[in-house]
> 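Below you will find the structure I want to go over with you.
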Amino acid sequence: MATRYGKYLDENPLRPARDFYRTKRMKSQLEQEGPVFNVDLFCRVFLNKLLHRQVKLPSQATPNDYYMALSHAIRDRLVNRWMKSTETYHEQDVRMVCYLSAEFLLGKQLNQNLLHAGCWNTVEEGLEKMQLGHSLYDLMAQEPDPGLGNGGLGRLAACFLDSLATLDIPAIGYGIRYEFGIFEQVIEDGWQVERPDYWLQLGNPWEIHRPEYMVEVKLGGHTEFYIDDEGWQRVKWKADRTVLGTPFDMLVPGYNTKTVATLRLWSARASQDFNFHLFNEGDYTRAVADKTYSENITKVLYPNDNTPQGQELRLTQQYFFVACSLQDMIRQHLIKNGDLSCFQEKVAIQLNDTHPSIGVAELMRLLVDEHKMNWDKAWTITCNSFSYTNHTLLPEALERWPVRLLSSLLPRHMEIIYEINRRFLNEVRAHYPNDPAKLARMSLIVEGDDKQVRMAHLACVGSHAVNGVAALHTELVKSDLMHDFHEFWPDKFSNKTNGVTPRRWMLISNPKLSHLISATIGKDWVTDLAQLQKLEAYADNPEFREKWWEIKQENKQDLAECIYHQFDLEVRPDAIFDVQVKRLHEYKRQLLKVLHIIAQYQQLKKNPDTDIQAQLFLFGAKAAPGYYIAKLIIKLINSVATVLDEDKDVRGRLKIVFLPNFNVSVGEQIYPAAELSEQISLAGKEASGTGNMKFALNGALTIGTLDGANIEIRDAVGKENMFCCGLDVKEVKALRTRGYHPREYYNDNPELREVINQIACGVFSPDKPKLFQPIVDTLLNHDEYLLLADYQSYADCHAKMLEAYQDRDNWIKMSILNTARMGFFSSDRSIAEYCRDIWHVDPVEVEVPDEQIDIPIEVYCPS
Ligand code: 26W
């Protein structure tokens with residue numbers, strides 16, 4: 001399109017369009033336009049922002065300038081609601097949810113905020129009218145993904161914020177403003193290579209720096225006894241370092257409500273006092289080095305999912321954000337209440353896994369040492385304030401901090417933990433007088449040469465509620481992981497099955513399907529997902545089925561175009577889109593799928609002319625940078641992809657595409673286009689999974705094991721509408737008890753044997769035949785995750801699935817029924833359950849008259 005400002009279109013050297021978000025979307029049909037905002041006003045506001053924020057005229061502006069101007073214009077539309085929300089909560093002194101999480105995997109803000117501000121159409125029209133040479137979608141592509149999380153846990157926190165705001169729950173999320181989010185993954189010669197993700201490089205229009213709420217955090221040093229004015233013996237923590245925490249706030253608008261919640265992310269700064277002291281001593285270089293030390297605390301997100309590294313910096317990060325957040329809560333509480341005796345009535349603090357669990361000791365320290373409260377009262381307040389969510393059963397993922405490290409970084413907390421443990425073990429001993437083994441199992445401390453603190457025990461002891469994230473997972477938490485604790489406090493434990501927000505995972509990511517659904521059953525499903533059930537009435541309607549199928553085909557086409565433009569790869573849109581996207585971890589068993597693809601390839605080689613359904617296997621997965629075998633699996637996936645591409649016999653009928661840098665935005669393109677969702681973790685290992693929900697909601701059918709939330713999805717959609725395979729938890733346990741010998745499966749299964757032999761002899765690595773030997777070795781000698789035991793079951797199930805795909809009519813019906821029955825898996829339902837059972841918070845309506853949504857603005861409009 002020739003436009004007035006089009007010449008600047010390609011000039012953005014700093015932020016390449018590394019983005020997936022390029023395809024044109026249809027108009028969002030579900031927004032609620034306010035009475036004040038209109039296309040002309042938007043254009044004036046936008047140009048005003050361009051001039052006064054970016055200091056650019058349209059003739060000089062880069063796409064990023066336009067993105068920034070647009071974002072500020074949209075942010076302004078949310079500010080008044082946001083201020084009203086905070087003001088309302090303050091005035092009514094309401095009980096607030098404080099969600100503590102080391103990760104928030106937000107995804108792009110512009111799309112979400114446009115939707116929630118109700119001005120998507122206006123903006124789209126306005127941008128067209130101005131003829132800038134950039135569509136709304138071009139500008140959306142400018143935004144880097146705020147990747148402040150690794151995977152499931154961080155994304156859950158983001159879905160929860162969306163639901164909290166949408167349900168009008170007074171809430172604040174607390175976390176860390178990492179300067180570098182999850183690394184960018186590029187694939188070079190089939191290998192994963194990590195690139196730093198400096199997402200803040202061009203500025204973040206969505207954050208508001210609040211230096212006035214800066215707090216101080218102490219580190220290191222030692223403790224001292226002293227006698228206070230009233231003659232009580234007390235403890236003082238004499239730290240040897242302090243750092244400053246300064247908050248950056250992000251808006252979390254609810255959908256179709258006035259509520260805007262807050263996400264407060266802490267950033268570390270060097271403490272001025274400390275530096276002055278050194279400067280005065282003339283030690284300039286050390287002062288500067290110390291500044292770097294402080295500011296490193298929030299520099300980078302640890303890219304490990306499910307494997308702690310036990311590094312001091314990581315513990316410092318955890319303590320830092322928790323200490324900042326608790327001070328912030330207490331500051332606000334004291335303004336309203338004068339003292340802390342009713343703190344527990346005003347906050348519900350949720351620990352998102354054990355990462356913030358040092359908060360239990362920190363709140364005790366604040367109450368006892370700083371606010372001079374007696375221990376018992378402080379302990380009651382602490383336990384009533386905190387609750388803890390467990391997200392993993394993997395033994396290696398459970399955080400334990402060395403006592404040595406805790407004592408040097410947080411000496412006072414270590415003392416407090418010992419005291420908590422002493423009192424706790426006394427209670428246990430009173431209950432089980434002659435069971436030292438039980439005491440050792442339940443202790444917060446692992447005794448021995450290298451003493452450690454079990455953070456899950458600290459979190460459990462210091463909380464009034466503990467929950468798992470899917471029914472099976474909670475049962476395993478109760479029966480295995482925390483068996484003794486469950487026996488001791490049965491009422492503390494409950495299940496809260498995860499959910500996903502339908503706003504991002506349908507409305508934003510799948511506008512076409514959203515439109516069809518709204519046209520069929522009305523719009524209410526967006527905030528009441530159970531309404532999707534009404535679609536069941538259309539599952540046999542041929543016209544509806546046809547539309548349903550067409551939309552899936554269009555979404556596949558859109559994704560195919562993306563893949564073509566980004567990676568120069570052609571995929572057949574008539575292939576079934578069979579997708580596995582998630583972190584790379586051995587327990588998730590991407591390798592099982594690879595084994596099966598190789599087996600299908602062998603069959604094709606043997607009968608090259610058989611008429612088979614074309615299949616596109618899409619993978620997306622980041623591996624932790626230090627996880628050797630996971631990275632080798634990525635290389636294997638890409639090597640098999642190359643062999644398939646280069647073999648003339650295959651003719652595109654089996655094709656693998658490994659999509660690099662899987663993140664929230666890439667996910668938004670993938671889920672709507674998927675036809676088959678791969679959820680094949682070893683039973684008992686995946687706590688819940690949430691990708692499984694996004695796929696099924698978007699009408700993909702699932703092939704999966706009886707693990708995590710897959711079980712509940714099967715119960716909801718009906719087992720005739722899902723492809724279940726593999727051993728269940730009981731069978732896994734029985735097999736291990738009998739003794740698991742992977743070589744037996746290798747010896748007994750010729751197909752499997754041939755697959756493994758081919759990997760072993762270098763069919764997929766001709767230049768380096770032994771390249772994949774470590775994979776072969778783990779499979780044959782250990783096979784920790786029972787891939788070989790589940791292989792045949794998976795292969796049979798996959799064959800059944802392909803057969804089912806041939807009956808298109810019935811497939812569409814199953815797809816419709818999957819979507820129709822996913823209502824339970826909304827994060828709105830999860831949050832409502834947390835509110836009812838754990839947090840005991842009620843919605844608070846925020847009132848903002850429509851005419852006050854926009855604060856009057858001075859408008860400048862260049863002619
Ligand atoms: C410290 C290393 C570390 C990092 C992250 C240990 C553990 C974690 C997380 C708890 C791992 C995680 O993301 N767990 C996932 O949580 C999701 C949300 O509940 C679940 O859906 C996934 O099944 C679970 O793997």
> Is there a donor-acceptor contact under 3.5 Å from the side chain of H116 to the main chain of P253?
yes
> On a heavy-atom basis, which atom in S815 and which in W548 lie closest, and how many Å separate them?
OG-NE1, 2.7 Å
> Given 3.5 Å as the limit, does a donor-acceptor pair link the side chain of E143 with the main chain of Q109, or not?
yes
> Closer than 4.0 angstrom, basic N to acidic O: yes or no for E847 and K258?
no
> Any ion pair linking R177 and E207 (charged N to carboxylate O, less than 4.0 Å)?
yes
> Keeping T819 on the side-chain end and L697 on the backbone end, is there a donor-acceptor pair under 3.5 Å?
yes
> Looking only at non-hydrogen atoms, find the nearest pair between N111 and K108 and report the distance.
OD1-O, 3.0 Å
> Any chance you could lay out the salt bridge (Lys or Arg N to Asp or Glu O under 4.0 Å) test for E675 and K556, step after step, and finish with the verdict?
CA-CA 9 Å; E675 291 172 297; K556 286 170 68 179; 2.9 Å; yes
> F544 vs Y538 aromatic rings, parallel, tilted or perpendicular, using cut-offs 30° and 60°?
tilted
> Using a distance-only test with no angle check, is there a side-chain donor-acceptor pair under 3.5 angstrom linking S325 and W266?
yes
> Under 3.5 Å, is there a donor-acceptor pair linking the side chains of D65 and T62?
yes
> State, with a plain yes or no, whether a side-chain heavy atom of P502 is found less than 4.5 Å away from one of V526.
no
> Could you tell me whether the side chains of N498 and T690 share a donor-acceptor contact shorter than 3.5 Å?
no
> Just checking, any donor-acceptor pair under 3.5 angstrom between side chains of D145 and S665?
yes
> May I ask you to decide if P211's main-chain N or O and T246's side chain share a donor-acceptor pair within less than 3.5 Å?
no
> Got Q142 and L202 here, is their nearest side-chain heavy-atom distance under 4.5 Å?
no
> Ring-plane angle category for Y99 and W839, please: parallel below 30°, perpendicular beyond 60°, tilted otherwise.
perpendicular
> Within the side chain of T298, is there an N or O that forms a donor-acceptor pair under 3.5 Å with the backbone of I176?
no
> When you look at K622 and N661, which way does the side chain to side chain contact (heavy atoms under 4.5 Å, CB included) test go after all the steps?
CA-CA 7 Å; K622 290 182 184 177; N661 203 40; 2.9 Å; yes
> Keeping H515 on the side-chain end and P511 on the backbone end, is there a donor-acceptor pair under 3.5 Å?
no
> Could you check whether any side-chain heavy atom of C119 comes within less than 4.5 Å of a side-chain heavy atom of R77, counting everything from C-beta outward?
yes
> Would you say V581 and F695 make side-chain contact, with heavy atoms under 4.5 Å?
yes
> So which heavy atom on L110 is nearest to which on S71, and how close?
CD1-OG, 4.3 Å
> With no hydrogens and no angle check, do the side chains of Q112 and R503 hold a donor and an acceptor under 3.5 Å apart?
no
> Which atom pair, heavy atoms only, marks the closest approach of S163 to I831?
CB-CG1, 3.7 Å
> Tell me, with the steps shown, if L301 and N150 meet side chain to side chain contact (heavy atoms under 4.5 Å, CB included).
CA-CA 8 Å; L301 167 77; N150 272 288; 4.1 Å; yes
> Answer yes when D40 and K129 have at least one side-chain N-carboxylate O distance shorter than 4.0 Å, and no when they do not.
yes
> For L516 and I551, what are the C-alpha separation, side-chain angles and deciding distance, and is it a side chain to side chain contact (heavy atoms under 4.5 Å, CB included)?
CA-CA 9 Å; L516 175 63; I551 287 171; 3.7 Å; yes
> Considering only heavy atoms from C-beta outward, does the side chain of R829 approach that of L529 to under 4.5 Å?
no
> Please check if the number of heavy atoms outside E212 that lie under 6.0 Å from its CD is greater than 12.
yes
> Could you check whether any side-chain heavy atom of P660 comes within less than 4.5 Å of a side-chain heavy atom of F567, counting everything from C-beta outward?
yes
> Do other residues, nucleotides or ligands put more than 12 heavy atoms under 6.0 Å from the CD atom of Q533?
no
> Between V97 and Y834, is a side chain to side chain contact (heavy atoms under 4.5 Å, CB included) present by the stated rule, with each step listed?
CA-CA 10 Å; V97 174; Y834 279 93; over 6 Å; no
> Between D558 and K512, does at least one N-O distance fall below 4.0 Å, as a salt bridge requires?
yes
> Which heavy-atom pair separates R75 from L251 by the least distance, and what is that distance?
CG-CD1, 3.7 Å
> With a 4.5 Å cut-off on side-chain heavy atoms, are D138 and L132 touching?
no
> Can you find a pair of side-chain heavy atoms, one from Y66 and one from L127, that are under 4.5 Å apart?
no
> In plain terms, say whether R504 and D162 are close enough for a salt bridge, that is, a side-chain N and a carboxylate O under 4.0 Å apart.
no
> Looking just at side-chain N and O atoms, do S518 and W525 make a donor-acceptor pair shorter than 3.5 Å?
yes
> Nearest heavy-atom pair of W120 and L115: which atoms, and what distance?
CE3-N, 3.9 Å
